[in-house]
Amino acid sequence: MMRVLVPVRLRRAVRGWFDSRYISVADHRQDIKDALWEVQTLRREVVTLQQEVRQLTSRTGDAQRLSKETADALDHVLQNEVLVWQAIDGLKERS
Amino acid sequence: MKVAWDGAELAFRLDPEDEITGRAADEHPVKLRTSTCAFGGVPDDAHPDLFAVAAWSVVAPWTRRRITFDRPVSAEVAQALHDGWGIEAGPVGGPPRTQGRTLAISYSGGADSVAAAAIFPEAPFVHFRRVPHPRVPNRWTHYRSDVLADLAKKTGRELTTVTSDLEFTLAEPRPGYPEHHAVAAGALLLADRMDLGGLAFGYELGSRWLGGDRYLLRFTPDNPMWAPHGAWGRLFAAAGVPIVLPVGGVSEAVTMRLALGSPLRAQVRWCLQGADGPCRTCGKCFYKEIIQAAVERRPLDTPLTADRAVVRKWLRKPPYGGMEMIEYGLARIPGVESSILAGALDYFDATEESTSWLEHCYPPALAEIPEPWREPASAFMAENAGLMTPGEARRVEEWGS
Ligand SMILES: [Zn+2]
């Protein structure tokens, strides 16, 4: 079963990371909100694909194709997550 | 790049100049999938330099200008990162790690690492075992890391198995080590506990001196991955774990012969796919079958046909990595002219004489093994392979020119 990011978990991760190592949360709450919005958009795409997979499990060929596409889509979500963090850090450095 | 360890879990973050697509030390482009990975079977209190070098083996391809660790590294490690990659590393502080006394073998179970193990029969093994990444659907279930780990247990040698999902940080070309050295990340974290003063790899003549694998295909005395004075060699040495290549001076024909003649013969396994035995149909199995048939002086024994992609790979025009072993096979496999490998004869004038250099040891490979392991390795090679003549050594030094 695939695991996707949930906002609460992500938000906690953001705070934990920033608190412990780099900057205070308060200064950059808006940056983080923007970033979360992006991640959530991507997450919705994956959820849609997952639902499609569930609906089509009886049709093996389609299910196989969709599971591959879902996995590929998740790769992009994971990569985008890395880029979002990079953008947050970039904003932090400029401010 | 910023890296942070939580116990034995590594998380990293790209700096503005870093990119998702990077290059490994062998110039191969590699694409990042996700920026976390974890290790099992390692302590969480290793020297900071060991955490730093282990992290670097994962993040190096994607780091452009600087790296920020979560704990200070020694000036020696920072200097090695600067000299080897032009990377600013920090924070800097604290003493370097004191080199230990034990040589461990990074043990994959393939013929090359079994040959390295035969040279040092007392050396403990560290085995890297791939495990799934919690965030990445596993589309590579044919890769039987469990089988390889079980075989390593059956060797009877002192064994530490490190589990990790670090290969899934790599999206393209496929899951794998971001740098070849990432296979040693777990061994590095174990270095204090095991009192390591050196780590032996099964990299042979082709990888070390002929620019083999996916590298340059020419004579590479300054190989950045495996030369002691190369970037990686200096970095490992700075952490008190110099790289040792016991079979760096001999070809895969010699490592095959040594492995098949060793007490670990029953545990040798280069195929990553078969469960009860080698699958015999993957590219690795076919390549090793060519070498084994040549070493054993018998006809090729394979279910494959010449139209299969894994066979056609060895029928194309040189140069390509491993071509020296194809020539070796053409010179020594009985009936090769009527085998599925016959097409390769168009490209080589293979004779036993033209391939004799592949049966002996290249002396400079022994000279670069650090003490106290140089003497036993040299004595072993003199007795079991013999040294190359100056003429044979020239074949190495003129490779690809
Ligand atoms: Zn195989």
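What's counted below: heavy atoms across the whole structure, side chains too, no hydrogens, waters or symmetry copies.
Of the two parts of N80(A), neither the backbone nor the side chain holds a non-hydrogen atom closer than 4.5 Å to a non-hydrogen atom of chain B. Looking at I20(B), only its side chain comes within 4.5 Å of chain A, counting heavy atoms on both sides. Heavy atoms closer than 4.5 Å to chain A are found in both the backbone and the side chain of R33(B).
The closest donor-acceptor contact from the side chain of Q86(A) to the backbone of D15(B) lies under 3.5 Å. For the pair H133(B) (side chain) and T36(B) (backbone), a donor-acceptor distance under 3.5 Å is present.
Under the rule for a salt bridge (Lys or Arg N to Asp or Glu O under 4.0 Å), R71(B) has no partner lying at least two apart in sequence or in another chain. Residues passing the side chain to side chain donor-acceptor pair (under 3.5 Å) test with R234(B), sequence neighbours excluded: D83(B).
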